[in-house]
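Worth saying up front: this structure is predicted, and the values here are computed from it rather than measured.
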Amino acid sequence: MEAIIVAGIVMVGSAMAIPLTTRMIRDAKGDSSSVMVATFINSARNRAVSERRNVQLTFLPPDRIRLERIEVPSGTLTIVGELQLEGNQELLKDGAMPDTPDAFGDADAFSFTGPTPVMFTSDGSLIDSAGDPTNGTIFLERPDFPETARAVTISGVTGMLRTWKWRGSEWLQ
């Protein structure tokens, strides 16, 4: 009788833990994706400064970001890096979700205050295709799982990055 009771308790505990564990794994993969994107974009900024060349960010939906160095004087693009998001995360923004507190753009999965393409310059700032400093937001999410929503914002003049996590009703840094 005691063995049956213990087995029942273990089964009830397992039934409660499995959904919680699955949600925690999705949440961790969302966090990992935002860190990967922030690190990758920061490497683009660092490369632009160290090589004294503009480095363009190219977004390739659903799940890739490419870095391209702009060669001088030809203006041709050389691919210097590419990031593929993991854990089924995509460059995606749920239309019902508000913008981050930085309010750099909430229209699309990657939204900037100026015209694209955007690039880091040798002084570390982010500029748009017109050469003006631009701010932007890159939204990430696993389709059909809003709790995995993350965002990375870039301040154009300083090139400063922030990562954000969606908590059901608000963005938290």
Side-chain angles (χ1 to χ4, degrees), residues 10-48 55-68 79-120 124-126 128 133-173:
V10 168
M11 288 173 44
V12 169
S14 296
M16 292 180 355
I18 289 172
L20 180 62
T21 303
T22 303
R23 183 178 174 102
M24 288 173 51
I25 289 170
R26 278 195 306 261
D27 193 48
K29 286 181 179 180
D31 290 344
S32 174
S33 290
S34 67
V35 169
M36 284 173 55
V37 168
T39 302
F40 189 70
I41 291 173
N42 196 47
S43 75
R45 181 182 183 276
N46 292 340
R47 175 171 239 144
V55 175
Q56 180 173 297
L57 294 172
T58 303
F59 298 94
L60 305 165
D63 60 359
R64 291 184 307 142
I65 303 172
R66 180 180 293 158
L67 301 182
E68 299 168 305
I79 297 172
V80 293
E82 191 164 293
L83 172 70
Q84 173 131 12
L85 298 175
E86 298 174 350
N88 297 320
Q89 289 286 106
E90 295 183 3
L91 299 166
L92 178 69
K93 182 183 182 294
D94 181 340
M97 201 170 289
D99 195 3
T100 64
D102 285 344
F104 290 157
D106 67 350
D108 296 313
F110 39 94
S111 196
F112 294 89
T113 56
T116 56
V118 297
M119 64 198 78
F120 283 103
S125 61
L126 183 71
D128 60 25
T134 186
N135 302 320
T137 305
I138 298 109
F139 292 96
L140 314 165
E141 185 176 338
R142 183 173 171 190
D144 301 323
F145 294 99
E147 71 273 11
T148 65
R150 304 292 185 271
V152 177
T153 57
I154 310 168
S155 175
V157 174
T158 62
M160 185 179 81
L161 301 171
R162 288 189 181 159
T163 57
W164 300 91
K165 182 183 225 175
W166 180 248
R167 279 292 162 226
S169 62
E170 65 180 330
W171 288 101
L172 298 175
Q173 194 173 14

Pair Glu141-Asp94, side-chain contact (heavy atoms from CB on, under 4.5 Å): steps then yes or no: CA-CA 8 Å; Glu141 185 176 338; Asp94 181 340; 3.6 Å; yes
What's the spacing between [X] [atom1] and [Y] [atom2] if we round to 0.5 Å?
| X | Y | atom1 | atom2 | value |
| --- | --- | --- | --- | --- |
| Lys29 | Ser34 | NZ | OG | 14.5 Å |
| Thr158 | Ile154 | OG1 | CD1 | 10.0 Å |
| Ser155 | Asp102 | OG | CG | 8.0 Å |
| Leu140 | Trp164 | CG | CH2 | 14.5 Å |
| Phe40 | Glu82 | CZ | CD | 7.0 Å |
| Asn42 | Arg47 | CG | CZ | 13.0 Å |

Side-chain H-bond candidate by donor/acceptor type, Glu68 with Thr58, under 3.5 Å: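 There is such a pair (donor and acceptor under 3.5 Å, judged by atom type) between the side chains of Glu68 and Thr58.
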Side-chain donor-acceptor pair present, Asp128, Thr134, cut-off under 3.5 Å: no
With the side chain counted from C-beta on, respond yes when [X] and [Y] share a heavy-atom pair under 4.5 Å apart, and no when they do not.
| X | Y | value |
| --- | --- | --- |
| Met119 | Val55 | no |
| Leu67 | Ser43 | yes |
| Ile65 | Leu60 | no |
| Pro143 | Glu90 | yes |
| Leu85 | Leu91 | yes |
| Phe59 | Pro117 | no |
| Thr163 | Arg150 | no |

Counting only N and O atoms by type, is there a donor-acceptor contact under 3.5 Å from the side chain of [X] to the main-chain atoms of [Y]?
| X | Y | value |
| --- | --- | --- |
| Trp171 | Pro98 | yes |
| Thr116 | Val118 | no |
| Thr113 | Asn135 | yes |

Check [X] against [Y] and note the closest heavy-atom contact, atom names and distance.
| X | Y | answer |
| --- | --- | --- |
| Leu161 | Ala38 | CD1-O, 3.2 Å |
| Phe110 | Pro61 | CE2-CG, 3.8 Å |
| Arg45 | Gly124 | NE-O, 3.0 Å |
| Phe120 | Ala44 | CD1-CB, 3.9 Å |
| Phe139 | Ala151 | CD2-CB, 3.8 Å |

Derivation and outcome, side-chain contact (heavy atoms from CB on, under 4.5 Å), residues Thr137 and Asp99: CA-CA 9 Å; Thr137 305; Asp99 195 3; 4.3 Å; yes
Pair Asp27 + Arg142, salt bridge at N-O below 4.0 Å: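 A salt bridge is absent here (no side-chain N lies under 4.0 Å from a carboxylate O).
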Residues Asp108, Lys93: salt bridge by 4.0 Å N-O rule: no
side-chain contact (heavy atoms from CB on, under 4.5 Å) between Ile138 and Ile41, intermediate numbers included: CA-CA 10 Å; Ile138 298 109; Ile41 291 173; 3.6 Å; yes
